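Structure record follows, encoded as structure tokens.
This one's a predicted model, so the numbers in the text were calculated from it and none came from an experiment. Every heavy atom of this structure was used, including side-chain atoms; hydrogens, water molecules and symmetry mates were not.
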Amino acid sequence: MADSHPTPCISVHQALGGGTAADVLLWRNSCGGALILLASSTMLWYLFERAGYNFLSFVANVLLLLLVILFLWAKSASLLNRPLPPIPKLEISEKTVGMVADELHLWINHMLSTAHDIAIGRDFKFFLKVAAGLWLVSYIGSLFKFLTLIYIGVILSLSVPAVYDKYQHFMDEKLRATHGIIQTQYKKIDESVLRKLPLPSNREKKMQ
């Protein structure tokens, strides 16, 4: 008899990259990285959203405190013949700058190409998906502040992967069933509405 729960092709840990970030998101880090991330994000959210602390003032005060500590450390080290603060040399190599520039170049060109296709109506279905996504983002943004949304994202990133990793088989079955229902409804909408809408493909061909 075949197993009713097929073995997944890829684990959640592998899907997340299989590195330190995956260990943190799945609460497998022995140093408590997930707990530190949760505690620090909760503290920052409370400071800026509940206590009313200004972000710019907070950053300036932290940098000022760090600068004063390092300055006094360096001065006392020179007077007492102690080693200077172990500050590494901070610089960005040309190779790193070139790699980042190449990635940004590809990403920006892809976004511009996508925006161009949407603007001229080449893919109406994709236009509806983007419009629905932007409307959803706008609606969610009207309900929460920006920092609250970031905090919710941190909470979800630390909870959803761990829960899914624990109940993967059960959730996969429910997701497959939900996906089937969505596909069925989308086909109905596609056949009754989307395919009846005029597309500018013939006009574009004549213009080209």
Under 3.5 Å donor-acceptor, Trp27 side chain and Leu158 backbone
yes
To the nearest 0.5 Å, what is the distance between OG (Ser40) and CE (Met43)?
6.5 Å
Who passes ring-ring contact (aromatic ring centres under 6.0 Å, His included) against Phe55, sequence neighbours left out?
Phe48
Starting from Leu65, can I reach Val68 by hopping between I/L/V/M/F/W/Y residues whose side chains sit under 4.5 Å apart?
no
Does one hydrophobic cluster hold both Val97 and Leu104, with members joined at side-chain heavy-atom distances below 4.5 Å?
no
Counting C-beta onward and ignoring hydrogens, is there a side-chain heavy-atom pair between Phe71 and Lys75 closer than 4.5 Å?
yes
Is any side-chain heavy atom of Tyr164 closer than 4.5 Å to a side-chain heavy atom of Leu175?
yes
Under 3.5 Å, which donor-acceptor pairs link side chains of residues 137-156 to any protein atom two or more places apart or in another chain?
unit_1, atom_1, unit_2, atom_2, d
Ser142, OG, Tyr139, O, 2.5
Thr148, OG1, Trp45, NE1, 3.3
Tyr151, OH, Thr42, OG1, 2.9

If you round to the nearest 0.5 Å, how far is CG of Leu47 from CD of Glu49?
10.5 Å
Distance alone, cut at 3.5 Å: any donor-acceptor contact between the side chains of Asn61 and Tyr53?
yes
Does the Ser76 side chain pair with the main chain of Leu72, one donor and one acceptor, at a distance under 3.5 Å?
yes
Which atom of Pro83 lies closest to which atom of Ala77, heavy atoms considered
O-CB, 3.5 Å
Looking at Gln183, I want to see if its CD is surrounded by more than 12 non-hydrogen atoms of other residues, nucleotides or ligands under 6.0 Å.
yes
Within one Ile-Leu-Val-Met-Phe-Trp-Tyr cluster: Val163 and Leu38, side-chain cutoff 4.5 Å
yes
In this structure, are over 12 heavy atoms from other groups packed under 6.0 Å from Leu63 atom CG?
yes
Donor-acceptor under 3.5 Å (Asp165 side chain, Pro161 main chain):
no
Find out if a path of hydrophobic residues (ILVMFWY) with successive side-chain heavy-atom gaps under 4.5 Å connects Leu106 to Met99.
no
From His110 atom NE2 to Leu112 atom CG, the distance as rounded to the nearest 0.5 Å
10.5 Å
